[in-house]
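Remember, predicted model here, so these are calculated numbers, not experimental data. Atom set for the values below is all heavy atoms of this structure, side chains included, hydrogens, waters and symmetry mates excluded. Below, chain A is the first sequence line, B the second, and so on; all start at residue 1.
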Number of protein chains: 2
Amino acid sequence: MAFEEEQKIFDSFVRDKGLKHSGQRKDILLTFLKTEKHLTADELHALVKKKNPAVGIATVYRTLRLLCECRLSSELRLGNGAVRYEHFYGHEHHDHLICVKCGNFIEVMDPEIEKLQERLAKKEDFRLQGHKLLMYGVCRKCKQ
Amino acid sequence: MAFEEEQKIFDSFVRDKGLKHSGQRKDILLTFLKTEKHLTADELHALVKKKNPAVGIATVYRTLRLLCECRLSSELRLGNGAVRYEHFYGHEHHDHLICVKCGNFIEVMDPEIEKLQERLAKKEDFRLQGHKLLMYGVCRKCKQ
DNA sequence: ATTAATTATGATAACGATTATCAGTTTCAA
DNA sequence: TTGAAACTGATAATCGTTATCATAATTAAT
Ligand SMILES: [Mn+2]
Ligand SMILES: [Mn+2]
Ligand SMILES: [Zn+2]
Ligand SMILES: [Zn+2]
């Protein structure tokens, strides 16, 4: 079975926090790791239920929160619809091109844009702590 | 009374759409125009009620939708909490520095950042249609 | 293995923001 | 003045998410 590193991170996190291990959490973690998509809790729930139909949506939400706490996942709040969750471990900061036709996410990072944001903030005497850049349009596949 | 241009735009829009005029809509419009803040429907409702306590929140939502339709306002979806509404008429495209301490919005626009986004999209063979750049941090006042 | 303390679970209620519904009111053109 | 159409506020419904709660599973100590 793959994802040994990630599972180790989660197990340590669970142990250090005085939590207990459960089959549901393991199923949710592995299902999350197996897809590289930017999933909502509902979408992940649907995938997990294929393996373990008894898992409830509440446990998916609870587990996603744990995954974010231990930095295996992070939230992506697009501003409309449900929060999406993406892999965080081993993924550096990036922004997103989001296709309005197929909904796919393309991960991008431009050091120049990042630098110009710093310059912009400095000009306003603003201490920049983070940012969110979402770019919407039509992806290569959907253009044809 | 000020805001003649904006009122004219709204009146024409209402007439052209076969809608009717009402005191509530006028109160909501003028209250919205009077503040330059980025307000939620609830915040605007609170302000409107000072002038006209009978106005309901549903009418505020309905009127905000009309203001967006006629381009006097536009939605700002930050991704957490309520949608905010900002002035759109006479305001060119801009992005935001958002202070995590006081919640104030600083409007900014950097043509270089805009251009680099286009370059980034082109590199991915992506037809860019729009973007949202939110920068979070601490504003000048709150740094002290 | 047994126990007992503690955490985890799924169902479901509650929540906050927003939209839909509806009965009564207002607008406005004829 | 009148009557069709739009408008209103109250409130129910919706959606994504969190809180509650009774029951079940885990764990460490016996
Ligand atoms: Mn991503
Ligand atoms: Mn603005
Ligand atoms: Zn696409
Ligand atoms: Zn501030």
Side-chain angles (χ1 to χ4, degrees), chain A residues 7 10-32 38-46 48-70 73-85 103, chain B residues 7 10-29 31-32 38-70 73-85 103:
Chain A
Q7 285 191 258
F10 188 62
D11 290 351
S12 306
F13 175 76
V14 164
R15 203 173 313 114
D16 295 352
K17 242 200 149 191
L19 307 180
K20 294 175 178 176
H21 288 90
S22 79
Q24 289 93 324
R25 283 182 183 160
K26 192 165 198 170
D27 291 339
I28 293 166
L29 170 60
L30 289 177
T31 305
F32 172 75
H38 296 70
L39 297 169
T40 64
D42 256 319
E43 289 165 355
L44 180 57
H45 185 217
V48 170
K49 279 198 290 190
K50 291 181 185 175
K51 271 275 163 88
N52 183 347
V55 173
I57 184 67
T59 298
V60 173
Y61 276 109
R62 286 188 282 239
T63 303
L64 280 170
R65 179 179 299 173
L66 295 179
L67 297 188
C68 289
E69 277 185 57
C70 70
S73 178
S74 70
E75 293 187 345
L76 189 54
R77 293 173 179 268
L78 300 183
N80 57 325
V83 173
R84 292 185 173 275
Y85 295 84
Chain B
Q7 285 192 259
F10 188 63
D11 289 350
S12 307
F13 174 75
V14 164
R15 203 173 312 116
D16 295 354
K17 240 201 152 190
L19 307 180
K20 294 175 179 176
H21 287 90
S22 79
Q24 289 93 325
R25 283 182 182 160
K26 191 165 199 173
D27 291 339
I28 293 166
L29 171 59
T31 304
F32 172 75
H38 296 69
L39 296 169
T40 64
D42 255 320
E43 288 165 355
L44 180 56
H45 185 216
L47 292 175
V48 171
K49 279 199 289 189
K50 291 181 184 175
K51 270 275 165 88
N52 184 346
V55 173
I57 184 67
T59 298
V60 173
Y61 276 108
R62 287 187 282 239
T63 302
L64 280 169
R65 180 179 297 173
L66 294 179
L67 297 188
C68 289
E69 277 187 54
C70 71
S73 179
S74 70
E75 292 187 346
L76 189 54
R77 293 173 180 269
L78 300 183
N80 58 327
V83 173
R84 291 186 174 275
Y85 295 85

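Side-chain contact between B:L44 and B:Y85: absent, with no pair of heavy atoms (C-beta onward) separated by less than 4.5 Å.
Taking only side-chain atoms of B:T59, from C-beta outward, the nucleotide of D:dT8, D:dG16, C:dT19 with the closest atom is D:dT8. Listed candidates were C:dG10, D:dG16, D:dT8. Nearest to the side chain of A:R62 is C:dG10. For A:R25, counting side-chain heavy atoms from C-beta on, the closest listed nucleotide (D:dC7, C:dA20, C:dT9) is C:dT9. Nearest nucleotide to the A:V83 side chain, out of C:dA11, D:dT8, D:dT17: D:dT17. Minimum atom distance to the side chain of B:Y61 is reached by C:dA17, of the listed C:dG10, C:dA20, C:dA17.
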Protein and nucleotides 27-30 of chain C: nitrogen or oxygen contacts under 3.5 angstrom:
residue: C:dT27; atom: O2; partner: B:K20; partner atom: NZ; Å: 2.7
residue: C:dC28; atom: OP1; partner: B:H21; partner atom: N; Å: 3.1
residue: C:dC28; atom: OP1; partner: B:H21; partner atom: ND1; Å: 3.3

> Where do A:Q7 and A:L30 land on the side-chain contact (heavy atoms from CB on, under 4.5 Å) test, with the steps shown first?
Replying inline: CA-CA 8 Å; A:Q7 285 191 258; A:L30 289 177; 3.8 Å; yes
What pairs of donor and acceptor atoms, side-chain ones from residues 17-25 of chain B against any protein atom, are under 3.5 angstrom apart with sequence neighbours left out?
residue: B:K17; atom: NZ; partner: B:E69; partner atom: OE1; Å: 2.8
residue: B:H21; atom: NE2; partner: B:D11; partner atom: OD1; Å: 3.4
residue: B:S22; atom: OG; partner: B:R25; partner atom: N; Å: 3.2
residue: B:R25; atom: NH1; partner: B:K20; partner atom: O; Å: 2.8

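No engagement by B:R77 is indicated, since no non-hydrogen atom pair under 4.0 Å with the nucleic acid exists.
Residue B:L66 is the one, among B:L66 and A:I57, whose nearest nucleotide of DNA chain D lies closer to the 5' end (criterion: closest heavy atom). Nearest-nucleotide assignment on DNA chain C puts the 5′-proximal partner with A:V55, out of B:D42 and A:V55.
We find that CG of B:L44 is positioned 12 Å from P of C:dT18, with the value rounded to whole Å. For the pair A:Q24 CD and C:dT7 P, the interatomic distance rounds to 17 Å; values are reported in whole Å.
Here B:S73 contributes atom OG and B:R65 contributes atom CZ; the two are 13.0 Å apart, rounded to the nearest 0.5 Å. Summarising the geometry, atom CD1 belonging to A:I28 is positioned 8.5 Å from atom CG belonging to A:N52; distances are rounded to the nearest 0.5 Å.
In this structure, A:T40 and A:A82 approach most closely via the heavy-atom pair CG2-CB, 3.9 Å.
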